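Scroll down for the structure; my scribbles are underneath it.
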Amino acid sequence: ISLRFVDEALAGTPVGVVAIEDAKGEATLEPGQPIKFTLDAEAMTAPTEAKLSTEGASAGEVAIDVTLTDLFASNGAMTPERVVVNADIIASELSMAAADAIAGLEGRLVEAMGETATVAINATGPASNLTAKFNMQSEGATAQGGLQYDGSVLTQSAPVSAELRTQRL
């Protein structure tokens, strides 16, 4: 799997192109068994598509591991209302310079957060009562908390806290 985001307004800058090249994934689909899906990918940035292979810089890595149970009834009918999710997403060493440039923040994100951030998310439960916990760490900030989705409304399920080390600003 390969994906590319090209922003002509950023052409020639270190993040003119953000790409995910050679992502590797695996899915397991067996009758009567949970569906399992994994994906591992590295993001790269470069000034242009032509320079991606020679001047590309790492923009972070993403690992996704998802298991879905009860998506299908015993008769084979799809039952999305009964699906139970167990998902772990870890994005490590994410380039704040790339995020900053794409968002047009003129260096403020890097100044506040530092060069990289790592985010971990775990989501579990049935689709009608999905709970997610998240944790973000960077040199300049941390955040953690929990959210719950009941099928129509997103609410806080655990205290959400954030710390921004203002001495960086």
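Quick note: numbers below take in every heavy atom, side chains included, and nothing from hydrogens, waters or symmetry partners. None of the values given here were measured: they were computed from a predicted structure.
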Result block: side-chain N/O donor-acceptor pairs under 3.5 angstrom for residues 126-138, not counting sequence neighbours:
residue: Asn129; atom: OD1; partner: Gln148; partner atom: NE2; Å: 2.1
residue: Asn135; atom: OD1; partner: Gln137; partner atom: NE2; Å: 3.0
residue: Ser138; atom: OG; partner: Met113; partner atom: O; Å: 2.8
residue: Ser138; atom: OG; partner: Gly140; partner atom: N; Å: 3.3
residue: Ser138; atom: OG; partner: Ala141; partner atom: N; Å: 3.0
residue: Ser138; atom: OG; partner: Ala141; partner atom: O; Å: 3.2

Result block: side-chain N/O donor-acceptor pairs under 3.5 angstrom for residues 55-72, not counting sequence neighbours:
residue: Ser58; atom: OG; partner: Glu42; partner atom: OE2; Å: 2.9
residue: Ser58; atom: OG; partner: Gly60; partner atom: N; Å: 3.3

Validation: residues 85-93 side-chain donor-acceptor distances under 3.5 Å, sequence neighbours left out:
residue: Asp88; atom: OD1; partner: Asn122; partner atom: ND2; Å: 2.7
residue: Glu93; atom: OE1; partner: Thr116; partner atom: OG1; Å: 3.2

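Considering only residues two or more places apart in sequence or on other chains, Glu106 meets the salt bridge (Lys or Arg N to Asp or Glu O under 4.0 Å) condition with Arg108. In this view, Ser161 and Gln144 satisfy the side-chain hydrogen bond (donor to acceptor under 3.5 Å, both in side chains) rule, not counting sequence neighbours. Checked against side-chain hydrogen bond (donor to acceptor under 3.5 Å, both in side chains), Asp150 has the following partners two or more places apart in sequence or in another chain: Ser152. Taking the salt bridge (Lys or Arg N to Asp or Glu O under 4.0 Å) definition, one finds that Arg4 meets it with Glu21, Glu49, sequence neighbours left out. Applying the side-chain contact (heavy atoms from CB on, under 4.5 Å) test to Val15 and every residue at least two apart in sequence or in another chain returns Leu10, Thr13, Thr45, Ala98, Ala101. Every residue meeting the side-chain contact (heavy atoms from CB on, under 4.5 Å) condition with Ala46, not counting sequence neighbours, appears here in chain and number order: Leu52. Qualifying side-chain contact (heavy atoms from CB on, under 4.5 Å) partners for Gln33, counting only residues two or more places apart in sequence or in other chains: Glu30.
Atom CD of Gln156 sits in a crowded spot, with more than 12 heavy atoms from other residues, nucleotides or ligands closer than 6.0 Å.
Residues Val153 and Leu147 do not share a hydrophobic cluster, defined by chaining ILVMFWY side chains whose heavy atoms lie under 4.5 Å apart. The hydrophobic cluster containing Val119 also contains Leu39, counting ILVMFWY residues as joined when their side-chain heavy atoms lie under 4.5 angstrom apart, directly or transitively. Using a 4.5 Å cut-off between side-chain heavy atoms of Ile, Leu, Val, Met, Phe, Trp and Tyr, with links allowed through other members, Met96 and Phe5 fall into different hydrophobic clusters. The hydrophobic cluster containing Leu105 also contains Val110, counting ILVMFWY residues as joined when their side-chain heavy atoms lie under 4.5 angstrom apart, directly or transitively. Under the 4.5 Å side-chain heavy-atom criterion for Ile, Leu, Val, Met, Phe, Trp and Tyr, Met78 and Leu29 are members of the same hydrophobic cluster.
A distance of 9.5 Å separates CE in Met44 from OG in Ser53, rounded to the nearest 0.5 Å. With values rounded to the nearest 0.5 angstrom, Asp100 atom CG is found 10.0 Å from Ile102 atom CD1.
Side-chain contact between Phe37 and Thr28 is absent, with no heavy atoms from C-beta onward closer than 4.5 Å.
Counting only residues at least two apart or in different chains, salt bridge (Lys or Arg N to Asp or Glu O under 4.0 Å) contacts with residues 151-163 comprise Glu163-Arg165.
Pairing each heavy atom of Ile20 with each of Ala41, the nearest pair is CG2-CB, 3.6 Å.
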